[in-house]
Amino acid sequence: MLRKITAEDRREAAETLDDLKATLAAAGTALPSTGIDWHCASVTGVVLIDLGAAPTSVVIKLVDVIRDGVRARRTVHEQQPWRPSVGLPVTLNAPGGAPLDAEVVAATGRLVTIRLAQR
């Protein structure tokens, strides 16, 4: 019965472990003894991913990768949103079309009104 109840959790754990391994491989590293603790799942109903032990060199590489990811996320979150001012010239770039020159005529909160330049 417990096996049936944890089926979705076991599938999610297997997919997550595969994703972890692929991501680490893309970063040029691997945790050598990762796995899923199937025994714990069958006894407690809790599916655990065991990250295992790793040599210091691998953990150093892993810390570097995580640190780079944290910095990248901070950079994205710290970027200020674009706040155009009235009169600012802008260019609209439509996929496959020619760029269109325009001018900001109003900007309130997240709503920006532009006027296309006469051609």
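Heavy atoms only: backbone and side chains are in, while hydrogens, waters and symmetry mates are out. Here, residue 1 is the first one in the sequence, and each next residue gets the next number. Computed from a predicted structure; not experimentally measured.
A distance of 8.0 Å separates CD of Glu12 from CD1 of Ile49, quoted to the nearest 0.5 Å. Summarising the geometry, atom NZ belonging to Lys21 is positioned 12.5 Å from atom OG1 belonging to Thr16; distances are rounded to the nearest 0.5 Å. To the nearest 0.5 Å, atom CG of residue Leu92 and atom CD1 of residue Ile114 are 4.0 Å apart.
The side-chain heavy atoms of Val70 and Arg67, taken from C-beta on, include no pair separated by under 4.5 Å. Taking the side chain as every heavy atom from C-beta outward, Asp50 and Thr34 never approach each other to under 4.5 Å. In this structure the side chain of Asp101 never reaches within 4.5 angstrom of the side chain of Leu116, judged on heavy atoms. For the pair Leu51 and Leu20, the minimum side-chain heavy-atom distance is below 4.5 Å.
Between Val104 and Pro84 the shortest heavy-atom distance is CG2-CB, 3.9 Å. Contact record, Leu48 with Cys40: CD1-SG, 3.7 Å, taken as the closest heavy-atom pair. Of all the heavy atoms in Pro32 and Ala53, the pair that sits closest is CG-O, 3.8 Å. For the residue pair Gly52 and Ser33, the shortest heavy atom distance occurs at CA-OG, 3.5 Å. For the residue pair Val47 and Arg10, the shortest heavy atom distance occurs at CG2-CG, 3.7 Å.
Tracing side-chain contacts under 4.5 Å through hydrophobic residues (I, L, V, M, F, W, Y), one reaches Val58 starting from Leu17; they form part of the same cluster. Residue Ile66 is grouped with residue Leu31 when hydrophobic side chains (ILVMFWY) are merged at heavy-atom distances under 4.5 angstrom, including chains of intermediate members.
A salt bridge does not link Asp64 with Lys61: every distance from a Lys NZ or Arg NE/NH1/NH2 to an Asp or Glu carboxylate oxygen is 4.0 Å or more.
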### Stepwise side-chain contact (heavy atoms from CB on, under 4.5 Å) test for Leu100 and Thr91
CA-CA 5 Å; Leu100 300 172; Thr91 301; over 6 Å; no

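A donor-acceptor contact shorter than 3.5 Å is absent between the side chain of Thr29 and the backbone of Leu24.
Put simply, the residue from Val86, Val112, Thr113, Leu88 that forms a side-chain contact (heavy atoms from CB on, under 4.5 Å) with Val105 is Thr113.
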